[in-house]
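Below, chain A is the first sequence line, B the second, and so on; all start at residue 1. The analysis underlying the following values was restricted to heavy atoms, covering all of them including side chains, and did not include hydrogens, waters or symmetry mates.
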Number of protein chains: 2
Amino acid sequence: MNIGDVAQRAGLPAKTIRYYEEIGLITPMRDTNGYRRFRDSDLHKLAFLGRARALGFTIEDCRTLLALYDDKTRASADVKHLAKAHLDKIEDKITQLQSMRDTLSELVQSCAGDNRPDCPILSDLATGKH
Amino acid sequence: MNIGDVAQRAGLPAKTIRYYEEIGLITPMRDTNGYRRFRDSDLHKLAFLGRARALGFTIEDCRTLLALYDDKTRASADVKHLAKAHLDKIEDKITQLQSMRDTLSELVQSCAGDNRPDCPILSDLATGKH
DNA sequence: GATAAGGTTTCCAGTCACTGGAAGGTCAAG
DNA sequence: CTTGACCTTCCAGTGACTGGAAACCTTATC
């Protein structure tokens, strides 16, 4: 398979796939014309990466996950630990965003949104007081 | 005030303040020795920026917000519109993160986390099926 | 007056995970 | 033989800082 095929099947941009090669996540073969030639195992890895990235794992997490996947003597505890740490980070981020949302939502609601200049959003930003 | 004072009072790192000057959000004066000299109005702007950034507004949003704040003939509708667009983005992001969290949470729960290699987290990433 | 500590300056590089674009080589169809 | 769709590499940019080096300024102490 050439990069276009694999991109379509893995649901990743060709650019991203080249980048993944550059940072050593995959190592496709090369045809005599210089084109990358992808085996099924490469496609499989790319799909794995796509799903891991969709769950928000960092590239370095993905590298570790791929290594664990390849290591048939891994302990599932190692995988779980990595996933749990990531889950905790996501939950922190959600909490933080919810706090932003709550404040912003109040501000937006309190603003008349007409053609007069008075605006509680700006007042709040200027003074830090509600 | 020198940059250290203003950093402390605004609750921003000195590095960030220099960066804000570089991108034209503030324009402090200079002493004869080359040190930045901050007026109260600069401190005020920095505090404004700190709060806007804490609510997740982008730097470009902040630039617009400062301009609106300075423009005494603004329409509050403009501010509200900007804030609402940002709020919508935050809500999208929360939804997205919650979806990640739900999937991840299930996966983490389903993994034994012991010293055996079997791991539903890796299986899911590998196959995309639960 | 020398020295040390702490504050300040500029400039350059790195972060993360791509993404866009330019300039050029390759391949299949008509 | 040319057109168009692929593919290649390389370089630069994104957002919002952050770290570090080398050098200058200020203040306190000896």
Less than 3.5 Å between a donor and an acceptor, one on the side chain of Tyr35(A) and one on the base of dG25(C), is that the case here?
-> yes

Between P of dA17(C) and CD of Glu60(A), the distance in whole Å = 8 Å

Figure out the CD/C1' separation between Glu22(B) and dC12(C), and round it to whole Å.
-> 11 Å

Closest-nucleotide ordering on DNA chain C, the 5'-leading residue of Asp5(B) and Lys15(A) | Asp5(B)

CG of Leu49(A) versus C1' of dC16(C): gap in Å, rounded?
-> 16 Å

Residue Thr58(B), side-chain heavy atoms: nucleotide from dA16(D), dA17(C), dT9(C) that is nearest | dA16(D)

Quick one: pull up CZ in Arg63(A) and CZ in Phe57(A) and give me the separation to the nearest 0.5 Å.
-> 15.5 Å

Crowding at CZ, Arg39(A) (>12 non-hydrogen neighbours, <6.0 Å) | yes

Give a yes/no answer on whether the side chain of Tyr20(A) brings an N or O atom under 4.0 Å of OP1 or OP2 in dC18(C).
-> yes

The helix from dG1(C)-dC30(D) to dG30(C)-dC1(D): angle between terminal helix axes, five bp per end, to the nearest 10 degrees, reads 30°

Report the distance from atom CD1 of Ile59(A) to atom P of dT19(C), rounded to the nearest whole Å.
-> 11 Å

Pick one: which of Lys45(A), Arg30(A), Arg37(A) meets salt bridge (charged side-chain N to carboxylate O under 4.0 Å, His left out) with Glu21(A)?
-> Arg30(A)

Between atom CG of Leu97(A) and atom NZ of Lys93(B), what is the distance when rounded to the nearest 0.5 Å?
-> 7.5 Å

Calculate the interatomic distance between Tyr19(A) atom OH and dG20(C) atom C1'; express it in whole Å.
-> 16 Å

note: Arg18(A), atom CZ; dT19(C), atom C1'; distance rounded to Å ~ 12 Å

Quick one: is Arg30(B) getting a side-chain N or O under 4.0 Å of the dT8(C) phosphate, OP1 or OP2?
-> no

Short side-chain N/O contact to dT8(C) OP1/OP2 from Arg36(B), under 4.0 Å | no

Kindly point out which of dT19(C), dA17(C), dA16(D) is positioned nearest to the side chain of Thr16(A)?
-> dT19(C)

In whole angstrom, give the distance that lies between atom CD1 of Ile17(B) and atom P of dT9(C).
-> 10 Å

Nearest-Å distance for atom pair CZ/P, residues Phe57(A) and dC18(C) | 15 Å

Nearest-0.5 Å distance that lies between atom CG in Leu87(A) and atom CG in Leu82(A) | 11.5 Å

For Ser76(A) and Ala112(B), indicate whether the former's side chain and the latter's backbone hold a donor-acceptor pair under 3.5 Å.
-> no

Would you kindly compare Pro13(B) and Asn33(A) by the position of their nearest DNA chain D nucleotide and give the one closer to the 5′ end?
-> Asn33(A)

Counting N and O atoms only, with roles assigned by atom type, does the side chain of Asp114(A) sit under 3.5 Å from a partner on the main chain of Arg116(A), one being a donor and the other an acceptor?
-> yes

